[in-house]
Amino acid sequence: MATTSFLYHTQALRGYLHLRTEYRGGAAYHHVELRSDQRRCRGCGAKGSDLTLEGRFERRFRALPVGLRRQFVVLHGHEQVCRRCGAKLREPIPFAEGKRRHLRAFERFVVDLCAIAPIKHVASLLGVSWTLVKEAFKRHLRRRLKKRSLKSVRLIAVDEFAIRKGHQYMTVVLDLESGQILHAAEGRSAESLIPFLRRLKAARAPLEAIAMDMWPAYVAAVREVFDDLDIVHDPYHVVAMANAAIDKTRRDMYRHLQGPERRVLKGSRFLLLKGGERLDGPGLVHLDRLQDLNQPLYQAYLLKEDLRRLWRMPSLKAGKRFLGAWIARSLATGLTHMVALAKTLRAHRHGLLAYFDHRISTGPLEGTNNKIKVLKRQAYGFRDIEYFKLRLAFIHESTPAFAG
Ligand SMILES: [Zn+2]
């Protein structure tokens, strides 16, 4: 039933003659040979009468299956001697890439299946190895990533993610407009970011601002490449710092208290870290007792709550005034950790106020964090760091989270 045109239409095998088909072990083997009018010299492109056939070779390729039935193409190839360039070379094989033992059509099918099923399942469905499927999928993602342009990138966010327990980090850059992860690199040093920033610069991206926490290495990286790019220190991390300051204040005090007072303080940690609008009746009573018990801690709490208003200020001018007053009030408390926080914010004043020019934050990147975690749980990701990064680059379009 297989014919030259059947193979042409179903396997995209163009320019080949069907010789015969064998059926063995539930699989079909289609023997083919290059049509003489299709012969070209691999060296110089000479054709037809310039070529004489000498040796023979045979190669077998996986072809598209029919249902669950495997199919192969068996190529009866020739060595060609070229009169024009003098080379003796094997005939070119346009339907497969390099040394690969499957058809291009088969590889496309693998990639299509990867969009709807985990690698493991694709491999078992097709009866090929997990590695073959993964490598095909990687080549596909690599090709697509290569085409991605940085030409219109305006607003980005950078942050670090813990990729293993302990202290192994990855630096990730998100395009805040397209939602694509543009860059991922091991570590969280300036070197994890600089090469990417240089690429942005080389692409003449109309970059306006970058959102980040106050990690000095990232600030240094930006300044290494761009003199005047706006750095926006985002709300998310600053509120986290304020919470840490309260936590430290609370722990300091706990050490100095005894008996019932200590008990009131003990249950207060989450109360103090919670937004005021989220407290219920008992929570508010508890807060009241804390206030009586300890003026300083309550003061720190109020300052933290108040700080959150900064990013709701209507204008740069209002923001400036608010931040200045907040820093002054925190310094005046004399509370070690609040004073330290105030000094840090004062040192990063410029980056905090840049928020009012761009209103961006690393929030969307934090949102991607969950998807990254899912990808991370698929442990193979780290055994093959390149694959993990490729998957990250397309994480914005991965609808279901496929293992493999
Ligand atoms: Zn030649």
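Please read these numbers as outputs of a predicted model, since none were measured by experiment. Atoms within a ligand are numbered from 1 in the order they appear, just like the ligands themselves.
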Colleague: Count up the protein N, O or S atoms sitting under 2.8 Å from the Zn ion (ligand 1), would you?
Modeller: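 Of the protein's nitrogen, oxygen and sulfur atoms, 4 lie under 2.8 Å from the Zn ion (ligand 1).
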Colleague: How about OH on Tyr236, more than 12 heavy atoms from neighbouring residues, nucleotides or ligands closer than 6.0 Å, or not?
Modeller: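 Result for OH/Tyr236: open.
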Colleague: Within a reach of under 6.0 Å around NZ of Lys47, are more than 12 heavy atoms found that belong to other residues, nucleotides or ligands?
Modeller: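 Not buried by this count: 12 neighbours or fewer within 6.0 Å.
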Colleague: Could you pull out all donor-acceptor pairs under 3.5 Å where a side-chain atom in residues 197-210 meets a protein atom, sequence neighbours excluded?
Modeller:
{"unit_1": "Lys201", "atom_1": "NZ", "unit_2": "Val225", "atom_2": "O", "d": "2.8"}
{"unit_1": "Glu208", "atom_1": "OE1", "unit_2": "Arg154", "atom_2": "NH1", "d": "3.3"}
{"unit_1": "Glu208", "atom_1": "OE2", "unit_2": "Arg154", "atom_2": "NH1", "d": "3.0"}

Colleague: Kindly check if the number of other-residue, nucleotide or ligand heavy atoms within 6.0 Å of CZ (Arg101) is above 12?
Modeller: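 Not more than 12 within 6.0 Å, no.
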Colleague: When you check the side-chain N and O atoms of Tyr355 and Arg359, is any donor under 3.5 Å from an acceptor?
Modeller: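 Judged by distance alone, the side chains do not pair up.
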Colleague: Mind running side-chain contact (heavy atoms from CB on, under 4.5 Å) on Arg39 and Glu91 for me, showing each step along the way?
Modeller: CA-CA 7 Å; Arg39 294 201 173 275; Glu91 67 191 35; 2.6 Å; yes
